[in-house]
Amino acid sequence: MIKRFFSLIFVVLLALVFLPLVTEIKPLSELGMTSAKYAEDGAAELGAANLVTSVVVTYRGLDTLGEVTVLFITTAGIGFMLRRKTILPEKKRRASEILKSGTSFLLPLIILFGVYIFVHGHLTPGGGFQGGVVIASAIVLLMLSDINMHPDHNILNWLESLSGAFYVIMGILGLILAGGFLDNRFLPLGEFGKIFSAGAIPVIYSLIGLKVGAELVGILNKLGREDK
Amino acid sequence: MNAMIPLFVIVPLAAAFFMAILGRFIKNFSKILLNLELLFLSYLALHFILNTQGILAYRVGGFENAGDIPIAIYLVLDGLSRLILLVISLIGLLAAFYSTSYTRQFTQERKYYILFSLMIAGMNGLVISGDIFNIFVFLEIAAIASYALVAFGIEKQQLEASFKYQVLGGMASLIILLGIGFLYWQTGTLNIADFSRLPVSGPFVKLLAIFFLVGFGLKAAIFPFHSWLPDAHSSAPSPISAMLSGVLIKAIGIYAIFRIFFSMFALSYEIAMVITVLGTLSMIVGGLMAIGQWDIKRMLAFSSISQMGYVIVGIGIGMILLATGGSKVIAGFSIFGGLFHLVNHSVFKGLLFLNAGAVEYATGTRDMRQLGGLAEKMPLTASTSLTASLAISGVPPFNGFFSKLIIIVAAVSAHFYWLAFIAVVVSIITISYFMKMQKYVFFNTPQTDYKNFRAIPLPMNLSMIILALLCLLLSLLVLPQIRDIFITPAVDALINSLQYTAVVIG
């Protein structure tokens with residue numbers, strides 16, 4: 001009880017420290033200098049209609065490569081931490097007819113939508129991370145509707161490591177053929193707003209999409225089994 | 001030349017992905033690749049130290065500055081980062097070579113090497129990055145890889161240690177991220193050099209300083225943020241303990257703290273004082289806690305907290321002198337002592353953990369009360385361990401003696417007499433608990449007859465011998481000719497921190 005009381009006091013004091021930061025917040029009337037540069041020259045320089053994508057994949061590409069790696073480590077970590085003998089629950093409840101027929105109808109659409117999101121990452125909102133998550137959700141739906149279905153984790157491992165390796169290779173190609181590591185301009189920028197444009201961005205986003213999709217499916221697959 | 005800088009990140013990252021692809025088909029592929037990778041990185045770091053001078057900057061993606069606003073993420077190589085890169089690669093190489101026989105006991109060897117390689121990528125990235133958010137990303141890579149590696153044995157105790165480490169590490173990352181968020185909100189820049197020339201001051205800067213000090217202090221396990229370290233560093237596989245204690249807390253903790261407080265913020269007396277006081281307390285608390293331990297690796301982990309205290313105190317005194325306009329010569333001398341001790345500590349603490357790993361490998365236990373008399377059965381491990389113990393306790397002619405002496409002399413000449421006195425006392429405490437370890441593990445009468453005794457394979461022995469030789473050879477760093485090549489550039493980088501901004505932006 002006393003402990004909780006002190007925690008409460010601590011939280012209140014912390015809130016008092018942060019209060020001025022929240023109350024005195026002033027909305028920015030103009031973009032910061034770095035953001036202004038992104039907004040003004042980003043489209044012309046990199047050829048991507050989606051400005052966010054050009055920042056995420058190219059201007060701050062090294063951060064994105066890092067984040068993708070963090071996800072890779074997380075999957076690997078979960079993989080071996082849960083590698084103790086896992087036994088599937090004995091009582092399996094079959095999925096309902098509605099779920100089954102719904103899945104067979106929706107599955108191709110969801111996958112198609114996911115692919116659309118990451119392939120069009122340089123044109124419309126979305127990108128590799130979001131597209132990958134959508135694809136993973138399709139696989140999860142499949143796992144729910146068919147209790148015996150388990151994605152082959154060899155294939156998943158393959159997909160994630162291959163797309164990771166190719167992401168790094170794309171970066172190195174930028175280093176050799178264009179301005180520097182992770183420069184997207186070693187492929188032609190193409191016509192602004194078309195699907196084949198913005199240099200290597202669509203390629204990188206497709207790789208990220210595959211990688212994120214495979215990793216999320218892998219994590220959910222591992223977590224879905226019960227430990228006995 | 002500058003185009004080679006990103007290789008420090010690309011090589012370990014690419015190697016890790018290739019291990020994941022090809023390691024499945026080719027036996028021992030991951031082992032060999034990791035060793036080759038670290039050999040190459042050591043060569044690269046040495047090459048940069050010997051053949052280049054000053055501050056080198058590389059823009060990722062090659063985007064030019066808009067006016068004087070940096071657009072691309074900067075990778076910056078100065079004297080300090082060169083030195084830390086060499087330490088990471090060299091200790092990493094020896095730990096990786098040691099691992100080649102040590103990891104036979106694990107079922108998923110390949111994953112071990114992948115995570116090892118990614119941890120290297122994270123540390124290297126953090127050390128060369130000149131952008132605070134990029135530093136955060138690489139910090140996460142190194143930290144998350146180390147959470148996984150701590151739990152690698154997946155015994156109950158290891159999972160618990162890893163969980164504790166993850167919770168506290170996650171809190172640290174959150175605090176750092178919060179700080180970065182505030183920083184970007186207020187200034188619109190993430191570039192360290194760009195930030196350092198902005199005219200910001202007042203409570204905002206103090207808040208940021210507190211966030212970063214607490215966040216990176218947790219990663220560096222400075223008192224009072226040290227509680228996760230003894231569990232995590234003692235539960236990990238021994239070569240990983242050597243990496244964590246020898247390199248990781250220095251690269252993602254100490255290095256980051258000093259990079260931020262020297263290159264990013266203007267030096268302030270208050271922060272310098274806080275850092276020095278925390279360093280002193282770490283020195284004392286770590287030392288006192290180490291005395292009562294019976295688990296070899298746990299004792300070594302507490303000793304790491306204590307020894308990192310010396311490093312922080314050395315550089316902290318320099319910071320105080322620079323902030324108050326004191327003598328630059330003494331400040332430089334003191335920082336030299338701190339960095340010298342950092343290098344030395346990574347060598348002897350790495351070696352001590354490898355010794356502990358060898359003892360555990362041979363006998364199956366690391367409880368001092370169940371060991372004894374191993375000097376006859378494992379002469380090589382015993383002699384290298386004695387070397388490292390003498391070095392860490394500061395006995396001449398080993399490297400630890402010189403670095404501690406320099407720190408103490410610097411403290412005296414800066415008129416911090418109490419600090420010098422405490423450093424001497426902690427040094428005596430250090431020698432006492434290491435002699436206790438030597439007595440119980442290697443010299444006492446054996447407590448058992450060692451039924452399942454296993455001989456130590458050659459790669460493990462070789463790594464230990466090389467590190468023991470380094471304990472002796474690094475003493476040569478006090479000679480001006482050698483010091484000027486390796487450590488003086490790093491000291492200069494910290495003293496003339498204004499140059500950082502000038503070169504990167506200019």
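Below, chain A is the first sequence line, B the second, and so on; all start at residue 1.
Taking each heavy atom of Leu244(B) and Ala236(B) in turn, the nearest pair found is CD1-CB, 4.2 Å. Taking all atoms of both residues into account, the shortest heavy-atom contact from Ser173(B) to Glu140(B) is OG-OE2, 2.6 Å.
Aromatic rings from Phe29(B) and Tyr113(B) are positioned such that their centres are separated by 6.0 Å or more. The distance between the ring centers of Phe48(B) and Phe8(B) falls below 6.0 angstrom. Aromatic rings of Trp158(A) and Phe25(B) (six-membered ring for Trp) have centroids within the 6.0 Å cut-off, being under it. Between Phe152(B) and Tyr112(B), a ring centre-to-centre spacing shorter than 6.0 Å is recorded.
Side-chain polar atoms of Ser146(B) and Tyr165(B) form a donor-acceptor pair below 3.5 angstrom. No hydrogens or angles considered: nothing links the side chains of Tyr59(A) and Asn184(A) as a donor-acceptor pair under 3.5 Å.
Ranked by heavy-atom pairs under 4.5 Å with chain B, the list Leu182(A), Leu62(A), Leu65(A) is led by Leu62(A). Ranked by heavy-atom pairs under 4.5 Å with chain B, the list Ile73(A), Asp183(A), Thr58(A) is led by Ile73(A). Put simply, of Leu118(B), Leu13(B), Ile10(B), Val9(B), the one with the most heavy-atom pairs under 4.5 Å next to chain A is Ile10(B). Listed options Thr69(A), Val17(A), Asn154(A) were ranked by heavy-atom pairs under 4.5 angstrom with chain B; first place goes to Thr69(A). The choice from Arg24(B), Gln158(B), Glu64(B) that makes the most heavy-atom pairs within less than 4.5 Å of chain A is Arg24(B). The most heavy-atom pairs under 4.5 Å with chain A, out of Val60(B), Asn134(B), Leu115(B), come from Asn134(B). For the options Phe136(B), Phe138(B), Tyr58(B), Tyr147(B), heavy-atom pairs under 4.5 Å to chain A are most numerous at Tyr58(B). For the options Asp131(B), Ile114(B), Thr189(B), heavy-atom pairs under 4.5 Å to chain A are most numerous at Asp131(B).
Here the straight-line distance linking atom CG of Leu22(B) with atom OG of Ser161(A) works out to 9.5 Å at 0.5 Å rounding. In this structure, Leu207(A) CG and Met170(A) CE are separated by 6.5 Å, a value rounded to the nearest 0.5 Å.
With a 4.5 angstrom heavy-atom cutoff, Leu7(B) does not touch chain A via any of its atoms. Using a 4.5 Å cut-off between heavy atoms, Asp194(B) makes no contact with chain A at all. With a 4.5 Å cut-off on non-hydrogen atoms, Tyr167(A) does not touch chain B at all. Heavy atoms closer than 4.5 Å to chain A are found in both the backbone and the side chain of Ile141(B). The part of Leu178(B) that comes within reach of chain A is its side chain, from C-beta onward, which places non-hydrogen atoms under 4.5 angstrom from that chain. Looking at Ile21(B), both its backbone and its side chain come within 4.5 Å of chain A, counting heavy atoms on both sides. No part of Phe204(B) comes within reach of chain A, as not one of its non-hydrogen atoms sits under 4.5 angstrom from that chain. Contacts between Gln186(B) and chain A at a heavy-atom distance below 4.5 Å are absent for every atom of the residue. With a 4.5 angstrom heavy-atom cutoff, Ser162(B) touches chain A only via side-chain atoms. Residue contact with chain A, scored on non-hydrogen atoms closer than 4.5 Å, involves the backbone and the side chain of Ile71(B) alike. With a threshold of 4.5 angstrom between heavy atoms, Tyr38(A) approaches chain B through side-chain atoms but not through N, CA, C or O.
Under 4.0 Å is where a charged nitrogen must lie from a carboxylate oxygen, and between Lys164(B) and Glu160(B) no such pair does.
Ring-plane geometry between Phe182(B) and Phe211(B) is classed as parallel, the angle between the planes falling under 30 degrees on a 0 to 90 degree scale with a further cut at 60.
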